[in-house]
Amino acid sequence: MKIISFGSLNIDRVYQVDHFVQPGETILSKSCMSNVGGKGLNQSVAAAKAGIPVLHGGAVGEDGGILTEFLKDAGVDVSRIAVLPGASGHAIIQVDQQGRNCIIVFGGTNQQLSKEYIDSVLETEGEKGDIVLLQNEINNLSYVIQKAHELGLQVAFNPSPIPENPEELHLEYADYLILNEIEGASLAGCHQQDPDFQDILSQLSEKYPSAVILLTMGGAGSLCKAGDQIIKQEIFSVPVADTTAAGDTYCGYFLAGICRGLPLEECMKTAAAASSLAISKMGAAQSIPYNKEVEEFLIQH
């Protein structure tokens, strides 16, 4: 069983700032770094570092060698990544003194995936039961979901950024919905100021009854609903350096546990530990730990 991660590949430009820039304001950055990133890349790296076979589907531009090399070094199969004319996707990331982040993403070649390319990857590489992992940073997303379902592949969807048209995405075919509290509230249609986490979980489960719903809640931990079963996982307290890849690390490690056939409780615990290790370091994909580090962390905690 493997993960086919159909997702974005970005070159991140990270700026350390005292506070996030406000409308009409010009501020000075304390530092600037260029890193590899994109939610697709991050989640592929997390699942691969967790020790699961991962094949990445997506596209880079002529500047994208740094992205494919990083994936390869992390153990991801990059043989089906397309190289297209133009620039790869990129992101501008502000990180403040508390380690919080604010991100602007430009799609680039992430928005140029053809249906023919998608068919080729899924039909050639997919085996029944494999997990197709998706986020909302590529084009033809609804087509990927529908095609994966038709081929008997499982679909895991992380709706980030929040979709403008969720009703068009065939989310009834999703086997796993992995989202944070903001994404969850939006998808559930909870419009109150401070929606209750349990209410978000319940409404999502009603809308998508065949999916396992995993809701990450920042410092409040995570909740998972699978049928009538609800599981809560607390966070591991660590010093926060940069939260950029926290959710992607959690997602990749959680699905790696699913691939191993582990109970949901164990998948969530391991994912929470991996996410805690990631936020204790600077950077996005660079901060994602290997499985051995996570195992050692769990022994210590």
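Starting from 1, each residue takes its place in the sequence as its number.
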Engineer: For atom NZ of Lys115, is the number of surrounding heavy atoms from other residues, nucleotides or ligands below 6.0 Å larger than 12?
Structural biologist: no

Engineer: How long is the straight-line distance from CG of Leu28 back to OH of Tyr15, given to the nearest 0.5 Å?
Structural biologist: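 Tyr15 atom OH to Leu28 atom CG measures 13.0 Å (nearest 0.5 Å).
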
Engineer: Would you please name every residue forming a side chain to side chain contact (heavy atoms under 4.5 Å, CB included) with Ile235, sequence neighbours left out?
Structural biologist: none

Engineer: Locate the shortest heavy-atom distance separating Leu133 from Cys251; write the atom from each residue and the value.
Structural biologist: CD1-SG, 3.8 Å

Engineer: Atom OH in Tyr253, atom CG in Leu277: separation rounded to 0.5 Å?
Structural biologist: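 That separation rounds to 8.0 Å.
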
Engineer: For Ala74, is there any backbone N or O sitting under 3.5 Å from a side-chain donor or acceptor partner on Tyr290?
Structural biologist: no

Engineer: Distance alone, cut at 3.5 Å: any donor-acceptor contact between the side chains of Asn42 and Asp248?
Structural biologist: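 Note: Asn42 and Asp248 side chains meet the donor-acceptor criterion.
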
Engineer: Would you say that more than 12 heavy atoms from the other residues, nucleotides or ligands in this model lie under 6.0 Å from the NZ of Lys49, or not?
Structural biologist: yes

Engineer: Are the side chain of Asn140 and the backbone of Tyr143 linked by a donor-acceptor contact shorter than 3.5 Å?
Structural biologist: no

Engineer: Are Ile178 and Val155 linked, directly or through other ILVMFWY residues, by side chains that come within less than 4.5 angstrom of each other?
Structural biologist: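 They do not share one cluster, since no chain of ILVMFWY contacts under 4.5 Å joins Ile178 to Val155.
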
Engineer: For Ile230, give me all partners under side chain to side chain contact (heavy atoms under 4.5 Å, CB included), at least two apart in sequence or on another chain.
Structural biologist: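 Counting only residues at least two positions away or on another chain, Ile230 forms a side chain to side chain contact (heavy atoms under 4.5 Å, CB included) with Gln198, Leu201, Leu223, Lys225.
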
Engineer: Does CD in Glu150 sit with more than 12 non-hydrogen atoms of other residues, nucleotides or ligands closer than 6.0 Å?
Structural biologist: yes

Engineer: Taking atom CG of Asp18 and atom CD of Gln16, what is their separation to the nearest 0.5 Å?
Structural biologist: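 The CD atom of Gln16 is 10.0 Å from CG of Asp18, to the nearest 0.5 Å.
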
Engineer: Flag the pair Glu234 / Lys269 as yes when at least one side-chain heavy-atom distance between them is below 4.5 Å, and no otherwise.
Structural biologist: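 Glu234 vs Lys269: side chains apart.
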
Engineer: Quick one: closest heavy-atom pair of Ser210 and Ala174, and the distance?
Structural biologist: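 What the structure gives for the nearest pair is OG-O, 4.1 Å.
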
Engineer: With side chains defined as the heavy atoms from C-beta onward, is the minimum distance between Leu214 and Leu179 less than 4.5 Å?
Structural biologist: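 No, every pair of side-chain atoms sits at 4.5 Å or beyond.
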
Engineer: If only atom types and distance count, is the side chain of Asp96 paired as donor or acceptor with the main-chain N or O of Gln98 below 3.5 Å?
Structural biologist: yes

Engineer: Check whether any side-chain N or O of Ser8 sits under 3.5 Å from a backbone N or O of Lys39 as a donor-acceptor pair, and report yes or no.
Structural biologist: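 Checked: pair present.
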
Engineer: Test side-chain contact (heavy atoms from CB on, under 4.5 Å) on Val95 and Val14; report intermediate values, then the result.
Structural biologist: CA-CA 7 Å; Val95 179; Val14 184; 3.8 Å; yes

Engineer: Would you please say whether a donor-acceptor pair under 3.5 Å links the side chains of Asp130 and Gln154?
Structural biologist: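 Distance-only check fails for Asp130 and Gln154.
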
Engineer: Working to the nearest 0.5 Å, report the span between CD1 of Ile93 and SG of Cys32.
Structural biologist: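 Spacing of CD1 (Ile93) from SG (Cys32) equals 10.5 Å.
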
Engineer: Is there a path of hydrophobic side-chain contacts, each under 4.5 Å between heavy atoms of I/L/V/M/F/W/Y residues, joining Ile3 to Tyr173?
Structural biologist: no

Engineer: Which pairs count as side chain to side chain donor-acceptor pair (under 3.5 Å) when at least one residue sits in residues 104-113, sequence neighbours excluded?
Structural biologist: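 For residues 104-113: Asn10-Asn110.
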
Engineer: Which residues pass the salt bridge (charged side-chain N to carboxylate O under 4.0 Å, His left out) test with Glu69, sequence neighbours left out?
Structural biologist: Lys72

Engineer: Are a donor atom and an acceptor atom from the side chains of Ser222 and Tyr250 found within less than 3.5 Å of each other?
Structural biologist: yes

Engineer: Closer than 3.5 angstrom, by distance alone: can the side chain of Ser34 be matched with the main-chain N or O of Arg13 as a donor-acceptor pair?
Structural biologist: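 Looks like no, no N/O pair under 3.5 Å.
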
Engineer: In terms of side-chain geometry, is the basic nitrogen of Lys281 or Glu293 positioned less than 4.0 Å from the acidic oxygen of its partner?
Structural biologist: yes

Engineer: Nearest 0.5 Å please: distance from the SG atom of Cys190 over to the CG atom of Asp196.
Structural biologist: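 These two atoms lie 9.0 Å from each other.
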
Engineer: Which heavy-atom pair separates Pro289 from Val294 by the least distance, and what is that distance?
Structural biologist: CG-CG2, 3.8 Å

Engineer: With a 4.0 Å cut-off, would you call Lys147 and Asp119 a salt bridge?
Structural biologist: yes

Engineer: Do you know which two heavy atoms are closest between Ile288 and Ala46, and how far apart they sit?
Structural biologist: CG2-CA, 3.7 Å

Engineer: Which is it for Ile92 and Ile103 under the side-chain contact (heavy atoms from CB on, under 4.5 Å) test, yes or no, and what are the steps along the way?
Structural biologist: CA-CA 6 Å; Ile92 297 171; Ile103 305 173; over 6 Å; no

Engineer: Taking all non-hydrogen atoms of both residues into account, name the closest pair between Gly38 and Asp12 and its distance.
Structural biologist: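 Heavy-atom minimum between the residues: N-OD1, 4.0 Å.
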
Engineer: Got Ile145 and Leu134 here, is their nearest side-chain heavy-atom distance under 4.5 Å?
Structural biologist: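 Ile145 reaches Leu134 side chain to side chain.
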
Engineer: Could you name each residue pair satisfying side chain to side chain donor-acceptor pair (under 3.5 Å) that touches residues 78-93, not counting sequence neighbours?
Structural biologist: Asp63-Ser88, Asp77-Ser79, Arg80-Ser120, Arg80-Glu125

Engineer: If Ile, Leu, Val, Met, Phe, Trp and Tyr residues are connected whenever their side-chain heavy atoms lie under 4.5 Å apart, and connections chain through other members, are Val60 and Ile138 in the same group?
Structural biologist: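 In one cluster: no.
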
Engineer: If two hydrophobic side chains count as joined below 4.5 Å and joins carry through other members, does Val144 share a cluster with Tyr176?
Structural biologist: no

Engineer: In sequence, state the C-alpha distance, the side-chain angles, and the governing distance for Leu122 and Val132, and then conclude on side-chain contact (heavy atoms from CB on, under 4.5 Å).
Structural biologist: CA-CA 9 Å; Leu122 292 180; Val132 176; 4.0 Å; yes

Engineer: Is it true that Asn136 and Ser160 share a donor-acceptor pair across their side chains at a distance under 3.5 Å?
Structural biologist: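 No donor-acceptor contact under 3.5 Å links the two side chains.
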
Engineer: Are Ile131 and Leu171 connected in the hydrophobic side-chain network, where two residues link if heavy atoms are under 4.5 Å apart?
Structural biologist: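 No; Leu171 is not reachable from Ile131 via cluster members.
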
Engineer: A side-chain contact here means heavy atoms from C-beta on lying under 4.5 Å apart; do Val238 and Ile279 qualify?
Structural biologist: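 Yes. Closest side-chain heavy atoms under 4.5 Å.
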
Engineer: May I ask you to test the Leu169-Leu141 pair for a side-chain heavy-atom distance under 4.5 Å?
Structural biologist: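 Yes, their side chains come closer than 4.5 Å.
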
Engineer: Cut-off 3.5 Å, side chains only: do Ser44 and His56 have a donor facing an acceptor?
Structural biologist: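 Yes, His56 and Ser44 have a side-chain donor paired with an acceptor closer than 3.5 Å.
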
Engineer: Among Glu25, Arg100, Gln94, find the residue that satisfies the side chain to side chain donor-acceptor pair (under 3.5 Å) test when tested with His19.
Structural biologist: Glu25

Engineer: Do Glu137 and Val105 come close enough that some side-chain heavy atom pair is under 4.5 Å?
Structural biologist: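 Yes, close enough: below the 4.5 Å cut-off.
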
Engineer: Return the CD to CD distance between Glu183 and Gln135, rounded to the nearest 0.5 Å.
Structural biologist: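 Separation between the atoms: 11.0 Å.
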
Engineer: Identify every side-chain donor-acceptor pair in residues 254-268 under 3.5 Å, counting partners at least two apart or on other chains, and give the distances.
Structural biologist:
from   : atom 1 : to     : atom 2 : distance (Å)
Arg260 : NH1    : Ala50  : O      : 3.3
Arg260 : NH2    : Ala50  : O      : 2.2
Glu265 : OE2    : Gln229 : NE2    : 3.4

Engineer: For Gly129 and Met1, work out which heavy atoms get closest and say how close.
Structural biologist: O-CE, 3.2 Å

Engineer: Does the side chain of Pro163 come within less than 4.5 Å of Phe157's, by heavy atoms?
Structural biologist: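 A side-chain contact under 4.5 Å exists here.
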
Engineer: So, does Ser29 use its side chain to make a donor-acceptor pair with the main chain of Ser31 at under 3.5 Å?
Structural biologist: yes

Engineer: Do Gln286 and Val36 have side-chain heavy atoms sitting under 4.5 Å apart?
Structural biologist: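 They are in contact (side-chain heavy atoms under 4.5 Å apart), so the answer is yes.
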
Engineer: Of Val45, Val54, Ile66, which is the lone residue that meets side-chain contact (heavy atoms from CB on, under 4.5 Å) with Leu71?
Structural biologist: Val45

Engineer: Applying side-chain contact (heavy atoms from CB on, under 4.5 Å) to Thr249 and Ser276, what does each step give before you reach the verdict?
Structural biologist: CA-CA 9 Å; Thr249 302; Ser276 294; over 6 Å; no

